[in-house]
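The chains referred to below are lettered A, B, ... by the order of the sequence lines, with proteins before strands, and numbering in each begins at 1.
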Amino acid sequence: MTAHPYTDLPDHRHWARAVAGPAALDPAGVDPVVRPAFHIARDARIATAGSCFAQHVARHLRRHGVMPFVTETAHPLIPEALATAWGYGEFGARYGNVYTARQLLQLMLRAFGEFRPAVDAWTLADGRWVDPFRPRAHPGGLASRQALAGDREQHFAAVRRLFAELDVFVFTLGLTETWADAADGAVYPVCPGVVAGRFDPQRHVLQNHGVDEVVADLTQFLFLLRAINPAARVVLTVSPVPLVATAEDRHVLVATTLSKSVLRVAAEQVAAATPGVAYFPSYEIITSPFSRGAYFAPDLRSVTEAGVGHVMRLFLKHYLGIDGEAPVPAPTAHVDPFLHEAQAVVQAMCDEEALGRG
Amino acid sequence: MKLLVVGHSHLDAVRASAVRHAGLWAARGLALRFVQLREPRLHSLDPTLDADDMGDALRAELARQAEGCDATLLMVGGNAHNGLGLFEHPQPFDFVAEDEPDTAPEPGRTLIPEPLLAAHLAAWDPFARPARQRARLLALVPRPLGQTDSPPPLADPQRAWASLSEAHRQSPRARQGLAPARLRLKVWRLHGRLLQQDCRRLGLPLLPAPPAALGADGGLAPACQGDDAIHANAEYGRLVLEQALA
């Protein structure tokens with residue numbers, strides 16, 4: 001028999017040997033990462049952004065003693081639990097979920113003053129104000145546009161610093177469907193009217209980005225990123241979480257498959273064409289049949305901790321060289337000594353007041 | 001009228017008025033009794049003290065002092081804003097106050113969203129514990145007239161700094177000096193808003209700082225200044241009583 005292209009293929013190129021076989025022993029043994037595109041040092045400044053699945057990245061990095069790069073932290077006065085509830089530390093800066101490549105590009109453009117949406121504030125029913133591009137950043141809204149504008153400028157300063165100083169940017173692509181303002185193309189993370197704002201059918205239009213659009217948005221983002229940070233490397237991954245709902249007139253399962261397929265192809269094209277950009281197979285690890293659905297919760301959307309663990313174990317192993325290490329204990333929650341000391345002084349004055357009376 | 005005054009250190013302004021203006025109150029038929037919640041025998045020396053700093057000694061004292069009283073004035077807590085905003089933080093901060101929504105924050109300071117700062121202050125023990133005490137006291141005292149707001153801070157930075165003892169001026173926390181007057185006043189007003197919310201929840205009127213006690217700068221009028229940066233004097237106590245009895 002003569003040789004042919006399938007002669008002596010390495011195991012990872014055979015389904016039976018690379019997927020079915022290992023999965024029969026233990027699904028956790030399936031490892032679709034053949035060779036990482038680059039190595040990431042443990043002390044590298046790793047910034048994260050993306051859809052809800054992206055929140056797991058920062059959490060698991062911390063669990064293994066790798067501190068994500070965060071430029072927008074809460075003031076030290078604010079206790080950690082409260083800061084977390086307000087979205088501090090969830091991602092590199094407090095931009096909230098970034099679901100689409102268009103939204104990511106928009107964030108970059110806005111942070112550097114290259115794009116100013118015509119509508120930059122929405123009102124709640126009680127007249128308080130929220131940021132249309134970060135509708136969950138201020139629970140209950142803020143009292144004024146002034147307050148919103150001040151917070152936004154502080155946020156953009158943090159975003160500019162993030163992009164300028166990061167070493168690695170891990171971006172999780174989540175959606176292709178998005179709602180936009182027809183007047184200027186501004187895209188929203190959440191459809192107007194769902195969390196805040198008011199849906200205007202004359203103004204708000206559905207966009208469902210195709211491969212070319214996602215590639216163009218990612219390419220432009222990378223161009224802008226490299227202009228301010230030439231050494232920045234990027235890891236692209238696709239969220240395995242299905243759509244909550246589709247605005248297209250088709251079955252949500254069909255819409256999900258299309259969306260994820262577009263994102264997967266776009267990520268592949270950009271990674272193949274751009275040095276220093278890698279694709280990481282989170283989507284494949286979670287959705288492939290080898291796990292027999294064990295990586296999805298009963299709602300068939302949420303990813304189980306076992307699934308997240310599998311993804312992050314392989315990311316840490318292949319990209320950071322962290323393999324088999326036990327998680328590190330969570331550091332003790334930070335307590336600002338200022339409050340304790342200041343209150344001690346105030347209490348002393350109160351007690352002195354009583355002594356003076358005596 | 002027999003009025004019971006229950007609270008922490010701010011009640012000493014009213015107690016001072018009871019002494020300084022004894023003739024006035026006697027002529028008005030007002031008799032005053034006081035329960036200071038941090039008095040050692042009711043506080044640090046009481047082994048039955050619970051997590052809210054309330055024990056058997058306090059309950060007994062309240063019952064004793066409340067006997068025959070017609071009404072109660074609550075001056076519980078009221079210094080959490082000073083713990084937060086009297087001294088400049090090593091990372092100076094600012095916030096856009098709900099009652100000045102269109103006033104820009106000071107440049108160069110970390111901006112904290114006001115609702116986040118409010119959530120922190122409301123949950124912080126120097127505010128939260130007096131809030132719990134206030135709720136429990138309502139069941140132990142006769143006819144509450146209301147809870148008083150704290151006296152406003154001294155706005156004048158030099159007067160405020162001079163009013164600190166040397167020991168406090170030398171404390172590590174005073175290293176960056178006092179917070180700017182504008183911030184100290186904003187934090188005091190934020191504290192007042194949270195106090196208002198708590199009182200509303202209890203169905204208790206909040207008695208604001210008497211207008212005559214406020215200077216032109218929005219801070220405590222010099223005539224009402226107490227012996228330190230955070231307390232007021234007998235004149236302030238007189239104004240508080242006049243307001244409560246009106």
### Task
Output the option from A:Ala147, A:Ala85, A:Gly141 having the highest count of non-hydrogen pairs under 4.5 Å with chain B.
A:Ala147

### Task
Find the one option among A:Arg128, A:Gln154, A:His138, A:Arg145 whose heavy-atom pairs under 4.5 Å with chain B are most numerous.
A:Gln154

### Derivation and outcome, side chain to side chain contact (heavy atoms under 4.5 Å, CB included), residues A:Leu142 and B:Val96
CA-CA 9 Å; A:Leu142 298 182; B:Val96 177; over 6 Å; no

Against chain A, label [X] side chain, backbone, both or neither, depending on which of its atoms sit under 4.5 Å from a heavy atom there.
X: B:Glu88; value: backbone
X: B:Arg175; value: neither
X: B:Leu121; value: neither
X: B:Thr110; value: both

### Message
Quick check for you: among B:Leu86, B:Asp102, B:Asn82, which has the greatest number of heavy-atom pairs under 4.5 Å with chain A?
### Response
B:Asp102

### A:Glu153 versus chain B, the contacting section by heavy-atom distance below 4.5 Å
neither

### Task
For B:Arg38 and A:Gln347, run side chain to side chain contact (heavy atoms under 4.5 Å, CB included): C-alpha distance rounded to whole Å, both residues' side-chain angles, the deciding distance at 0.1 Å, then the answer.
CA-CA 10 Å; B:Arg38 280 187 66 88; A:Gln347 192 56 60; 2.8 Å; yes

### Query
Can you say whether the rings of B:His89 and A:His75 are parallel (under 30°), tilted (30 to 60°) or perpendicular (over 60°)?
perpendicular

### Test item: B:Pro105 and A:Gln146 side chains (from C-beta on) under 4.5 Å apart, heavy atoms
yes

#### Entry: Neighbour count above 12 (heavy atom, 6.0 Å) for A:Arg136 CZ
no

### Message
Test side chain to side chain contact (heavy atoms under 4.5 Å, CB included) on A:Phe338 and B:Leu84; report intermediate values, then the result.
### Response
CA-CA 9 Å; A:Phe338 170 87; B:Leu84 187 67; 5.8 Å; no

